[in-house]
Number of protein chains: 2
Amino acid sequence: MPPSPPAIDSFDLAILAMLQRDNTTPQRLIGEAVNLSAPAVQRRIKRMEQSGVIAGNVAVVEPAAVGQPITIFVEVELESERTELIDAAKRQFSATSEVQQCYYVTGEADFILVVTVADMAAYEALTRKLFFGNNNVRKFRTFVAMDRVKVGLTVPLPG
Amino acid sequence: MPPSPPAIDSFDLAILAMLQRDNTTPQRLIGEAVNLSAPAVQRRIKRMEQSGVIAGNVAVVEPAAVGQPITIFVEVELESERTELIDAAKRQFSATSEVQQCYYVTGEADFILVVTVADMAAYEALTRKLFFGNNNVRKFRTFVAMDRVKVGLTVPLPG
DNA sequence: TTCCAAATGCAAGTTTGTTTCGCCGGAGAT
DNA sequence: ATCTCCGGCGAAACAAACTTGCATTTGGAA
């Protein structure tokens with residue numbers, strides 16, 4: 001079997017902490033901050049990208065600046081929990097560009113969606129397509145965000 | 001008054017679409033894709049960063065790889081909707097590293113949180129700190145994510 | 001039509017990221 | 001105990017990308 005990648009150590013965590021704040025930080029500065037040479041930093045970053053610890057490098061776009069000022073949470077409850085229907089729902093939600101995030105959850109709902117739209121008319125159209133047009137959706141509850149207090153994908157890192 | 005920044009055009013949208021997928025894409029390739037020279041691409045990116053259209057450039061870290069495999073949604077309902085108490089809650093949630101995302105919403109809840117933790121014991125400790133230790137929290141509902149079907153901050157872009 | 005402003009493309013300069021090389025330290029075998 | 005192999009680290013050379021300045025063109029307003 002292939003050699004398992006080395007475990008994450010405190011150097012890696014320190015590097016990740018900087019990169020998930022700003023991945024344009026020069027490797028030289030990262031090296032100074034964590035007491036490593038720039039090539040060592042580079043090797044560790046590359047390794048973490050290949051092993052999947054770093055899932056991607058992305059620009060964060062301000063939705064309001066591109067005409068999508070409304071963020072909405074939706075709790076979706078299905079009629080049937082059959083695996084096949086769950087998977088179909090996952091696929092449909094994933095393929096919908098307005099659905100920024102989709103989670104399959106325990107509790108009083110089956111899915112929680114984070115939706116980004118231009119206006120409420122667009123949301124209404126989306127509900128027709130995703131929910132009213134789907135016999136397996138028993139009901140859904142809508143929460144409109146008035147304030148995006150904290151937004152990001154930052155993961156809390158030990159150390 | 002300061003000159004208002006130029007409106008976003010279809011070139012900008014095409015550039016954003018590529019950057020929010022992978023912001024390490026060389027500007028030369030972006031230029032080829034959108035029919036612009038590399039410096040023109042560079043100028044537009046810089047302008048959008050300064051004007052806030054691009055809110056940041058970050059590495060996306062896989063939570064499970066750094067010992068935070070559990071994602072939880074929490075709907076929080078407050079006792080009082082007094083502005084001062086709302087703001088206090090916003091500040092407390094924002095300052096909590098386990099709270100990855102926090103939204104102030106309409107509907108049957110006041111806040112929706114996205115929480116990242118190592119295990120349920122850590123979540124239990126967090127609820128004690130944030131909810132049971134706060135007299136203004138009337139109740140909260142927990143949804144544990146079994147599958148992070150779609151995760152990201154990607155904004156749907158026209159065009 | 002004429003002038004002005006903004007944006008583009010080209011080319012050079014600078015910074016950054018990448019690769020290669022040699023060295024050091026540790027684990028295992030002889 | 002010593003030798004050898006292996007993996008990682010640091011220094012330097014290399015290549016690539018990014019950034020800047022300037023001349024040109026384009027679009028619009030006077």
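Sequence lines set the chain letters: A, B, ... in the order given, protein chains first and strands last, and positions in each chain run from 1.
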Tell me which donor-acceptor pairs under 3.5 Å the side chains of residues 30-43 of chain A have, and how far apart each pair is, sequence neighbours excluded?
unit_1  : atom_1 : unit_2  : atom_2 : d
A:Glu32 : OE2    : A:Arg28 : NH1    : 3.4
A:Ser37 : OG     : A:Ala40 : N      : 3.3
A:Gln42 : OE1    : A:Gln27 : NE2    : 3.2

State whether A:Lys46 places a side-chain N or O below 4.0 Å from either non-bridging phosphate oxygen (OP1 or OP2) of C:dG17.
-> no
Could you give all pairs that pass the side chain to side chain donor-acceptor pair (under 3.5 Å) test and reach residues 115-126 of chain B, with sequence neighbours left out?
-> B:Tyr123-B:Thr142, B:Glu124-B:Arg128
Where along nucleotides 10-18 of chain D does protein come under 4.0 Å, by heavy atom, of base (B) or sugar-phosphate alone (S), with - for untouched nucleotides?
-> BB-----SS
Protein-nucleotide distance (A:Asp9, atom CG; D:dG8, atom P), rounded to Å | 11 Å
Quick one: side chain to side chain donor-acceptor pair (under 3.5 Å) partners of B:Gln20, sequence neighbours excluded?
-> none
Mind checking what makes salt bridge (charged side-chain N to carboxylate O under 4.0 Å, His left out) contact with A:Glu81, not counting sequence neighbours?
-> none
So, A:Lys150 side chain and B:Ser94 main chain: donor-acceptor pair closer than 3.5 Å or not?
-> yes
Between C:dT15 atom C1' and A:Ile30 atom CD1, what is the distance in whole Å?
-> 15 Å
Residue set satisfying ring-ring contact (aromatic ring centres under 6.0 Å, His included) with B:Tyr103, at least two apart, ordered chain then number -> A:Phe73
Quick one: A:Arg44 CZ to C:dG17 P, roughly how many Å, whole number?
-> 17 Å
